[in-house]
Protein chains: 2
Amino acid sequence: MALEHAILVSLLEKPGSGYELARRFERSIGYFWTATHQQIYRVLGRMEGAGLLHVREVPQRGRPDKKEYSVAAPGRAALTAWLHEPIEPESVRHELAVKIRGAAFDDPAALISEVERHRKAHDDRLGRYLTGELRDFTGPEAPRPLDAGGELQHAVLRGGIAYERMTIAWLDDVLDTLHRLRTATPRT
Amino acid sequence: MALEHAILVSLLEKPGSGYELARRFERSIGYFWTATHQQIYRVLGRMEGAGLLHVREVPQRGRPDKKEYSVAAPGRAALTAWLHEPIEPESVRHELAVKIRGAAFDDPAALISEVERHRKAHDDRLGRYLTGELRDFTGPEAPRPLDAGGELQHAVLRGGIAYERMTIAWLDDVLDTLHRLRTATPRT
DNA sequence: TCCTTCTATGCAACTTGTTGCATAGACAAG
DNA sequence: CTTGTCTATGCAACAAGTTGCATAGAAGGA
């Protein structure tokens, strides 16, 4: 289960509560792994039961108490073991591509606004990635030189940036195609 | 459920059996949606029960009989309805990225061979995509001009090609980073 | 005061997806 | 004549992920 490993990595980078983890899964870690808070709480509970994590009840002022999790020795060992195992190259799941191919059996022009919406979502995400890169890695506020963890985080973020740029360029290509089809075959 | 819709699109492009669909999900459709035969058979059964598909028993010589599925009117209506609904932009799930970030807590150099393996897998996939593109869209054997379906299939394939190229370039970037870390910090 | 928002945690039910196994006919190689 | 491969279908058990709902303290605004 990769969510377990993503949680171990995130908690090694910095211990935190389920709520905090959920927030990280909306940003940084979420660049390459998504999870909802329900899923995170469930897995945290199981991992703690398995002795992979330590929990510490932290009372807070002005807020509900939280449970701060950190990685226990067996958790770290489990991560190391996983890092040395080969994993299968990703299988792709791209719903929008299904739609694009399905558009041949409906009105392709009707898909234009949907593709534009997705283009915008990716453009927004790219903007957030670039802002984060400037803040954490390339801007004047960034620590220099970076440690190994920072270098690797930056490399992963560069992957996210490359992915968003590629996707935006492809969606522009798709939009061109849809426009061409509209003028070429006004109606099927 | 996007698998249902992927199956509808594939069966509209060409009717076929569960086995044939499973093979398509290893190539063409598999460029953007993966599924195992067990999953396909189960969903086909459910869709047929719901009246979305027609089934026809086809006796064959030299082979076991097969059940050929094709899309019924309600199935086509369901696809059209889905095409007009907005979908959420994809959430990314990239296990290798989790590993890369996790490498900070182990030996980053140990990850090099794993990343190289993934690079090769993506390079192979790119080769298959390019061969397919030449065969079906850009080569001398390809039908010209393409119909709307062909244009859209080609646009999706171009997305797959762009994805593989981007991933290969990123993995090269990651390999550079891992090599740099090895020389910079010989051992943590 | 009430309404909303933010922090914080979690259960229950359901849907999807994966893994392992099983069957069976036809054909080809050894 | 046995073993392996390809076509062809499927069940059962399990793991993972999603959706809806529920609770609760504190802060801030209408």
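It should be emphasised that the depicted structure is a prediction, and the values quoted were computed from it without experimental measurement. By convention in this document, chain letters (A, B, ...) are assigned in the order of the sequence lines, proteins followed by strands, and residues within each chain are numbered from 1.
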**Report entry** Where at least one partner belongs to residues 74-88 of chain A, residue pairs that pass salt bridge (charged side-chain N to carboxylate O under 4.0 Å, His left out), sequence neighbours excluded
**Finding:** none
Considering residues at least two apart in sequence or located in another chain, which fulfil the salt bridge (Lys or Arg N to Asp or Glu O under 4.0 Å) criterion with [X]?
X	value
A:Asp147	none
A:Glu68	A:Arg56
A:Glu90	none
B:Glu95	none

Report task. Hey, could you give me each pair passing ring pair (Phe, Tyr, Trp, His ring centres under 6.0 Å) that has a residue in residues 137-160 of chain A? Not counting sequence neighbours. Result -> A:Phe137-A:His154
Report task. Scan for ring pair (Phe, Tyr, Trp, His ring centres under 6.0 Å) pairs involving residues 59-86 of chain A, sequence neighbours excluded, and state none if there are none. Result -> A:His5-A:Trp82
Report task. Starting from the 5' end of DNA chain C, give me the residue, A:Lys67 or A:Arg42, whose nearest nucleotide shows up first. Result -> A:Lys67
Query raised in the report: Can you find a heavy atom in the side chain of A:Arg180 that is under 4.5 Å from one in the side chain of B:Glu151?
Result: yes
Any ion pair linking [Y] and [X] (charged N to carboxylate O, less than 4.0 Å)?
X	Y	value
B:Arg158	B:Glu133	no
B:Glu20	B:Lys14	no
A:Lys99	A:Glu114	yes

Query raised in the report: Rounded to the Å, how far apart are B:Leu3 CG and C:dG17 P?
Result: 6 Å
Query raised in the report: Atom CD of B:Gln60 and atom C1' of C:dC27: how far apart are they, to the nearest Å?
Result: 15 Å
Query raised in the report: How large an angle, rounded to 10°, do the end axes of the helix from C:dT1-D:dA30 to C:dG30-D:dC1 enclose when each is built from five base pairs?
Result: 20°
Query raised in the report: Which residues within residues 33-40 of chain B lie with some heavy atom under 4.0 Å of an atom in DNA chain C?
Result: B:Gln38, B:Gln39
Query raised in the report: Does anything in residues 5-24 of chain B reach DNA chain C, meaning a heavy atom under 4.0 Å, and if so which residues?
Result: none
Query raised in the report: Under a 4.0 Å heavy-atom cut-off, which of residues 43-59 of chain B touch DNA chain D?
Result: none
Query - Earlier contact from the 5' end, DNA chain D, for A:Pro64 and A:Glu4 - result: A:Glu4
Query raised in the report: Is there a donor in the side chain of A:His122 and an acceptor in the side chain of A:Arg125, or the other way round, less than 3.5 Å apart?
Result: no
Query raised in the report: Does the pair A:Arg101 and B:Glu13 meet the rule for a salt bridge (charged side-chain N to carboxylate O under 4.0 Å, His left out), with working shown?
Result: CA-CA 9 Å; A:Arg101 230 162 122 155; B:Glu13 287 174 355; 2.9 Å; yes
Query raised in the report: Contact boundaries of DNA chain D with chain B (under 4.0 Å, heavy atoms), 5' to 3'?
Result: D:dT7 to D:dT18
Report summary line: So CG of B:Leu8 and CG of B:Leu53: to nearest 0.5 Å the spacing works out to 6.0 Å
Report task. From the options A:Phe32, A:Tyr163, A:Tyr31, select the one residue that forms a ring pair (Phe, Tyr, Trp, His ring centres under 6.0 Å) with A:Tyr129. Result -> A:Tyr31
